[in-house]
Number of protein chains: 2
Amino acid sequence: MMKSSVNNSLVKYYKKLRDKKYILEEKKFIVEGSHLVEEAYKSGVLLSVISTTLVSDYGVPCEVLSEVALKSISLLKSTPNIMGVVKYEEKSEIIGNKIVLLDNVQDPGNVGTIIRCALAFNVTTVILSPDSVNLYNDKMIRSTEGTIFNMNVIKMDLKEAIKKIKEKGIKVYYADMEGSINLDNTKIDDYALVLGSEGQGISKSVASLCDNGIKVPMNSLCESLNVSVCGGIIMYKFR
Amino acid sequence: MMKSSVNNSLVKYYKKLRDKKYILEEKKFIVEGSHLVEEAYKSGVLLSVISTTLVSDYGVPCEVLSEVALKSISLLKSTPNIMGVVKYEEKSEIIGNKIVLLDNVQDPGNVGTIIRCALAFNVTTVILSPDSVNLYNDKMIRSTEGTIFNMNVIKMDLKEAIKKIKEKGIKVYYADMEGSINLDNTKIDDYALVLGSEGQGISKSVASLCDNGIKVPMNSLCESLNVSVCGGIIMYKFR
């Protein structure tokens, strides 16, 4: 363990780890705050911690840095006094029989909230289309509240993913206001559910590969639900 | 209708309308983009529009301003070519028998999403505690997708609100992981539901006034749900 309140090269290294290129090269990214550090630790992906005081709780190296140095690494308005360096693992296997697919969902808060729901409701794999938010996006990670470390989240072309899911004998649904299946009357144990971006919905080419659309019945005064709420309601029902 | 591509005093006036003090004085606020303008119009609260081209669709005055002027008024990264000046109405009456109360929920995205869900699932009044986000907060309004113009949203001390709700004979519940009522086995038509902030949950003084806690059953790997997803699931079930 090394104490270095003004270690410029280390600080530079950590700052680089906020950048896509270095995250992919180093296969590491930074999370901020004690809750995410704790969750990363519990999931066995915590490599080291960075803090203003020596932290020995996690059995991983701790770099002690000044508040100013920590602030320069942080992406948050109010800098936490602990951050974690976390292993970035690229996963590729579609596991289990409750699967959620996100078709170009860009908002990191929505993606993170959906991953959190997925863990709550026994989803086994979350698949993001290649144009969805990055898997180490800071806001997305924070919105998962650390649940991402316990979830099989992969990036994959959705057409390829749907083909593989169908080969497993699992039906693929998409959430849609015009869907022919009314959620009220439906309980499905094995499923794949495609959720689309709020602006554009699900792309036609993906929807055409699905078996059916599911609608969450609602008051006609409201045109649609937020994508994470819509997904959350369906996942709750099918858990 | 007045065409004024560089009307400084007008631009200044609109910029002031982004400020709490002036919103409350003038009882007007600004919304950005055609969707919110359209929704405000349909709900009868649109007073005028501001645009880069003359818009006569809404039967309200239109101020034509330059792109630069519009950009200076906008709070968004990408400035839309239309904004609306909307009537700010303070409401105070608790209407109906499906009521949602927010105890110090600060995140504007969550509050907006909850208001959107409320309209979808036949909630008649949404009550925000005085320390919750402001009712004209730009991000909150955007997250409602305009549904706020169709919803009875009021600010009120929650203890006072709970007293009034109980006088109407409606039971008051709060959402809580430790709640004694399991949502799976419950269907309630008339209800008031208190949702708390994500960090702190519901304040003890408010929880002590409620009749019961409701829990959304979930996998124990997940500690909690996002507040708008949790609220959305309960509102869907009780709609």
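Chain naming here is simple, since letters A, B, ... match the order of the sequence lines and numbering starts at 1 in each. Model, not experiment: these values are computed from the prediction.
For a residue to count as touching a neighbouring chain, one of its non-hydrogen atoms must lie under 4.5 Å from one of that chain's; by this rule A/R116 touches chain B with backbone and side chain alike. For a residue to count as touching a neighbouring chain, one of its non-hydrogen atoms must lie under 4.5 Å from one of that chain's; by this rule B/S220 does not touch chain A. Residue contact with chain B, scored on non-hydrogen atoms closer than 4.5 Å, involves the backbone and the side chain of A/S224 alike.
The existence of a salt bridge linking B/D138 and B/R18 is confirmed by a sub-4.0 Å separation between a basic side-chain nitrogen and an acidic carboxylate oxygen.
Comparing A/G109, A/P217, A/G112, A/G146 by heavy-atom pairs within less than 4.5 Å of chain B, the highest count is held by A/P217. Comparing B/R239, B/H35, B/K42 by how many heavy-atom pairs each has under 4.5 Å with chain A, the most go to B/R239.
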### Task
Would you please test A/T53 and A/N81 for side chain to side chain donor-acceptor pair (under 3.5 Å) and show each step?
CA-CA 8 Å; A/T53 54; A/N81 53 22; over 6 Å; no
### Query
Between B/I114 and B/L195, is a side chain to side chain contact (heavy atoms under 4.5 Å, CB included) present by the stated rule, with each step listed?
CA-CA 10 Å; B/I114 290 168; B/L195 301 168; 4.0 Å; yes
### Query
Should B/K237 and A/D184 be marked as a salt bridge (charged side-chain N to carboxylate O under 4.0 Å, His left out) after you check the CA-CA gap, both sets of side-chain angles, and the distance that decides it?
CA-CA 9 Å; B/K237 188 86 194 278; A/D184 279 350; over 6 Å; no
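Between the A/E32 side chain and the A/L75 main chain, a donor and an acceptor come within less than 3.5 Å of each other.
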